[in-house]
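Written below as structure tokens is the structure these notes are about.
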Amino acid sequence: MNLRKWNIYFRWEIAIVILLWWGMAIFNIVKVHLATAGLCIVVSILPVLVLAFNWLKKKSAVTRWLAIIIMPAILSVTWYILFHNILCYVSFKLGIIVLFGLILLVMDLPVALVAIGQVQNWFGRLIAACYFDMVLLSSTAIELKPQGINVLISSGLMAGVAAFLAAMLIAKCWGFSFNPDLKWQKSSNWSNVTFILLLHSVLSLPSGQSFAEKEII
């Protein structure tokens, strides 16, 4: 596993996050929301610190824990704000949901490998893993109506898959032989038609409930 290459990805990700917060600050200045703009600038200082320490002191414990504490939270907040606000202004919501779902799957992988994966102390590993998992799974606490395919994000399923992918990388960095044993085996009474119908029911049921609630109200 090429740690140097992942560290480059990590730096690019931090730079993009900083630019996004500065962009939100400029947007709010234009809208004369000065308090919100000031908050965006203050928040952007946190990833700037992570990037600066990563650039100057790559292997120090301070750099590592600064990234572990700050970046998962900053990434989740940035993802939530952009996702929530873009959905309010676009008509092609399905494309945005798919895009942000894919971003959710991979956005925490660099920090998982570069920072959390390099923790050597068992107690530090425990704290880092619990904190990372808590922040990642809470990033999808967002109401999406109508539901439909949106339930894949709002139910926490996508965040769970993202946490699973990050866990595989972290386990590999810590020297564990991680074998999830996810080989697909069909039973003798397997039916593709039944599977498709069940999947359709799961995705469409929340949408139907939302419609029913709207009609009752």
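If you're wondering where the values come from, they're calculated on a predicted model, not measured in any experiment.
- Atom CD1 of I81 and atom CD1 of I86 lie 11.5 Å apart (nearest 0.5 Å).
- If you take CG on L66 and CG on L51, they are separated by 11.0 Å, rounding to the nearest 0.5 Å.
- Taking all atoms of both residues into account, the shortest heavy-atom contact from Q118 to L3 is NE2-CD1, 3.6 Å.
- The environment of OH in Y9 is sparse: at most 12 heavy-atom neighbours from other residues, nucleotides or ligands sit within 6.0 Å.
- When all heavy atoms of A112 and I170 are compared, the closest pair comes out as O-CG1, 3.6 Å.
- Rounding to the nearest 0.5 Å gives a distance of 8.5 Å between CD of E13 and CG of L109.
- Put simply, the side chain of N54 never gets that close to the backbone of V50: no donor and acceptor are under 3.5 Å apart.
- Within the 4.5 Å cutoff, side-chain heavy atoms of V111 are placed close to those of F132.
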Working for side-chain contact (heavy atoms from CB on, under 4.5 Å), residues F100 and L82: CA-CA 9 Å; F100 274 83; L82 289 176; 3.9 Å; yes
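- Taking 4.5 Å as the limit, every side-chain heavy atom of P72 sits out of range of all side-chain heavy atoms of L136.
- The heavy-atom pair separating D133 from A163 by the smallest distance is OD1-CB, 3.8 Å.
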Donor-acceptor pairs under 3.5 angstrom involving side-chain atoms of residues 19-43: please list them, not counting sequence neighbours.
unit_1, atom_1, unit_2, atom_2, d
W21, NE1, T78, OG1, 2.8
W22, NE1, S44, OG, 3.1
N28, ND2, M24, O, 2.7

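- Taking every heavy atom of both residues into account, V119 and R125 meet most closely at O-NE, 2.8 Å.
- Between the CD1 atom in I69 and the CG atom in L46 there is a gap of 11.0 Å [rounded to 0.5 Å].
- Minimum heavy-atom separation, I68 to A115: CG1-CB, 3.6 Å.
- When atom types are taken as modelled, the side chain of W174 and the backbone of W122 share no donor-acceptor pair closer than 3.5 angstrom.
- At least one side-chain heavy atom of L169 sits less than 4.5 Å from a side-chain heavy atom of W6.
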